[in-house]
Amino acid sequence: MSCSFLRWRLSSSTPPKLRDSMSCSIFLKLDFQLRLHAFSGLRCLSSFQSSGKFDLTDLTHPHTWYPLARRKKRNIFLHVGPTNSGKTHNALKCLESSSSGVYCGPLRLLAWEVAQRLNKANVPCNLITGQEREDIDGARHSSVTVEMADVTSEYQCAVVDEIQMVGCRTRGFSFTRALLGISADELHLCGDPAAVPLVQRIIEVTGDVIKVQYYERLSPLTPLKFPLGSFSNIRNGDCIVTFSRREIYKLKKKVESGGKHLCSVVYGSLPPETRTKQAKMFNDESSKFDILVASDAIGMGLNLNISRIIFSTLKKFDGQYTRELTVPEIKQIAGRAGRYGSKFSSGEVTCIDAEDLPLLHSSLESSSPLLERAGLFPTFDLLSLYSRLHSRMGFHGILEQFLEKAKLSPDYFIADCEEMLKVAAVVDELPLGLYDKYLFCISPVDMNDDIAAQGLTQFAENYAKKGVVRLREIFTPGTLEVPKSHNALKELESVHKVLDLYVWLSFRMEDSFPDREVASSQKAICSLLIEEFLERLGWQRQAKGNYQHNSLLLQQRIQSSMLHKYFPQIKVEST
């Protein structure tokens, strides 16, 4: 039955070998419930065709999309409180003691961290993200990014971290799916108290039992009454927060020009591996990198020993316009100071400019506004059934029209799919089946990054033409090099995004994207080269002996990566 469904679901243009590999893929297994809905959907469609009454755009009862979870009366525990209150720690203790379980986090870094924690505690745990899979012998636990949550398996215990992200305009639907769809005897939800009333309303219709546990911060956080003033007042353990890549490097240079400190940097477009390395350098007391300059990427996913958070500004550009930070954003970032059990057991927070202090203080004294709605997005099968009624439309038109007509209950909103529509406009020009287009549209591509967007376009075009995409056909032969400027660094970060996209596609279309090992190796080299650039920015102001030593280490690390096996390599022009 499932095999016949898979043949129906995949495009007739999909190569047979590809269909076989996809049917076996773990990543399609995670969407198995969609197949179940497709069968009932087909019956509904037949009824619709005869009666004209069935409405595919009716999304008012999303809890019915997950029959496995609905067969169980789940015990739901809401662990809510501020940053550094122990809420996630307690939930993970329950996960460790369970016979089977899953952790669902918002970031790959968090999934890695929890997998390591459980394995060190002698609880075998797999790691599954969009770009990685590490299987541990005998594991009955998994640590995953929330998009990879398996709603077709049963667990004794499940943990969903940062549950307030159900209200995120782009990713909220993945948290809603985990909340409604994970079939576990115990479901532990961790996050901000602002999510409590909404989660309670959503759960009312599922028949589950819910208990709320509130937490207090474990270590004190003191809002200072005075600004930083001069940069000569910077001290070890400080973290300066700003919201643009350019400002991060500007502040790094300004701090290091004083000759007393070196700065690690953390921001969103850095590869996850590089962010982790930069955080470790900052946390290491023997390291010379004693100051952190970061974006709001530190808000979750990294354990940082921060004494004082210093906001350089309380405004950020969110992709559409420059706005003031929200109360939850300020509290999430400020709360990173004073980590319980670290060298800095109490934290402080201030701003560079005195004019920002009133907003900082009022935000820290305020409760986060209650979440009103959770994100929702139609399953592929609903879109596929809808497309049968509009066979002349491309995927862009189908998606756009479906979302315009979607009917929702008051507790939900349709996720922002601007990025998906940008990709749909590209792939609609190609001779691809609907499911192939859907895969490209949900891929983790930044269409505002020219290099990343070009990479996706080339991947899709080559796949449409040949059915197989070799990495060497995408990039100009050459060698990866340490960037010599900030522009070259930005370009190398973009190359990493393209390689990351290739790996993501390879897990879903293995036969058509066969060079996963090469792409993963190239990704690792990108990270090493970026790390070297960041370290040189600091060491070039220090003793040259240290700098030269680092360069020799870099050569050894690159040689050990076996990059020389692969040719041609991605070419990055240094400028």
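Residues: numbered from 1 along the sequence shown.
Here the straight-line distance linking atom OG1 of Thr274 with atom CG of Leu529 works out to 9.5 Å at 0.5 Å rounding. Taking CZ of Phe377 as the start and CD1 of Ile442 as the end, the distance is 9.0 Å to the nearest 0.5 Å. Within the model, atoms CD of Glu491 and OG of Ser485 stand 8.5 Å from one another, a figure rounded to the nearest 0.5 Å. To the nearest 0.5 Å, atom CD1 of residue Ile530 and atom CD1 of residue Ile525 are 11.5 Å apart. Distance check, rounded to the nearest 0.5 Å: OG of Ser307 to CG of Asp290 gives 11.5 Å. Note: Phe311 CZ to Ile333 CD1 = 4.5 Å, rounded to the nearest 0.5 Å.
In terms of modelled atom types and a separation under 3.5 Å, the side chain of Arg171 and the main chain of Pro106 share a donor-acceptor contact. Side chain of Gln164 to backbone of Ala195: no donor-acceptor contact under 3.5 angstrom is found. Not one N or O on the side chain of His261 forms a donor-acceptor pair closer than 3.5 Å with the backbone of Lys288. A donor-acceptor pair is defined here as one N or O able to donate and one able to accept, closer than 3.5 Å; such a pair exists between the side chain of Gln332 and the backbone of Gly299.
Glu493 and Arg245 are joined by a salt bridge, as a carboxylate oxygen and a charged side-chain nitrogen come within less than 4.0 angstrom of each other. The pair Arg235-Glu348 meets the salt-bridge criterion, since a charged nitrogen lies less than 4.0 angstrom from a carboxylate oxygen. Salt bridge absent: Glu113 and Arg117 never bring a charged side-chain N and a carboxylate O closer than 4.0 Å. A salt bridge between Glu273 and Lys277 is absent, with no side-chain N of the basic residue lying under 4.0 Å from a carboxylate O of the acidic one. Salt bridge status for Asp500 with Arg108: present, with a side-chain N to carboxylate O gap under 4.0 Å.
With a 6.0 Å radius and a threshold of 12 heavy atoms from other residues, nucleotides or ligands, Glu372 has its CD atom at or below the threshold. No more than 12 heavy atoms of other residues, nucleotides or ligands shown are found within 6.0 angstrom of CD on Glu134.
Taking each heavy atom of Val146 and Ser174 in turn, the nearest pair found is CG2-O, 3.7 Å. Nearest heavy-atom pair, Asp353 versus Ser312, reported as atom, atom and distance to 0.1 Å: OD2-O, 4.1 Å.
Looking only at side-chain heavy atoms (C-beta outward), Arg339 and Ser345 stay at 4.5 Å or farther from each other. Residues Phe413 and Leu376 fail the side-chain proximity criterion, which asks for heavy atoms closer than 4.5 Å. A heavy-atom distance below 4.5 Å is found between the side chains of Ser143 and Cys125. Between Val212 and Gln200, some side-chain heavy-atom pair lies under the 4.5 Å cut-off. Using a 4.5 Å cut-off on side-chain heavy atoms (C-beta onward), Tyr103 and Leu110 make contact. Leu492 is not listed as a side-chain neighbour of Val482, based on a closest heavy-atom distance of 4.5 Å or more. With contacts defined as side-chain heavy-atom distances shorter than 4.5 Å, the pair Asp446/Lys497 qualifies. For the pair Ile210 and Phe77, the minimum side-chain heavy-atom distance is 4.5 Å or more.
In this structure, Tyr215 has its ring center no closer than 6.0 Å to that of His89. Under the 6.0 Å cut-off for aromatic ring centres, Phe317 and Phe243 do not qualify, their centroids lying 6.0 Å or more apart.
With no hydrogens or angles considered, a side-chain donor-acceptor pair links Lys422 and Asn448 at under 3.5 Å. With 3.5 Å as the limit, one finds no donor-acceptor pair spanning the side chains of Asp356 and Thr313. A donor and an acceptor atom, one from each side chain of Thr88 and Asp161, are located under 3.5 Å apart. Under 3.5 Å, the side chains of Ser269 and His496 contain no donor-acceptor pair of N or O atoms. Between the side chains of Asp284 and Ser286, a donor-acceptor pair is found at a separation under 3.5 Å.
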Practice item. With side chain to side chain contact (heavy atoms under 4.5 Å, CB included) as the test, would you mind laying out the steps for Leu262 and Phe282 before giving the verdict? Key: CA-CA 9 Å; Leu262 292 176; Phe282 171 70; over 6 Å; no
Exercise for review: Could you go through the side chain to side chain contact (heavy atoms under 4.5 Å, CB included) check for Ile309 and Ile298 one step at a time?
Suggested key: CA-CA 11 Å; Ile309 289 285; Ile298 65 163; 4.0 Å; yes
Exercise for review: Check step by step if salt bridge (charged side-chain N to carboxylate O under 4.0 Å, His left out) holds for Asp411 and Arg201.
Suggested key: CA-CA 8 Å; Asp411 289 329; Arg201 293 198 304 272; 2.9 Å; yes
Exercise for review: Take Phe440 and Leu505 through the test side chain to side chain contact (heavy atoms under 4.5 Å, CB included) and record every step on the way to the result.
Suggested key: CA-CA 8 Å; Phe440 281 108; Leu505 291 166; 3.9 Å; yes
Point to revise | Step-by-step side chain to side chain donor-acceptor pair (under 3.5 Å) determination, Asp449 to Ser494 | key: CA-CA 7 Å; Asp449 183 313; Ser494 297; 2.6 Å; yes
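Every residue was checked against the salt bridge (charged side-chain N to carboxylate O under 4.0 Å, His left out) condition with Lys93, not counting sequence neighbours, and none meets it.
Screening residues 308-329 for salt bridge (Lys or Arg N to Asp or Glu O under 4.0 Å) gives Asp238-Arg308, Asp296-Lys316, Asp318-Arg323, Arg323-Glu329 as the qualifying pairs, with residues at least two apart or on separate chains.
Ring pair His486/Phe533 is perpendicular by interplanar angle, where above 60° counts as perpendicular and below 30° as parallel.
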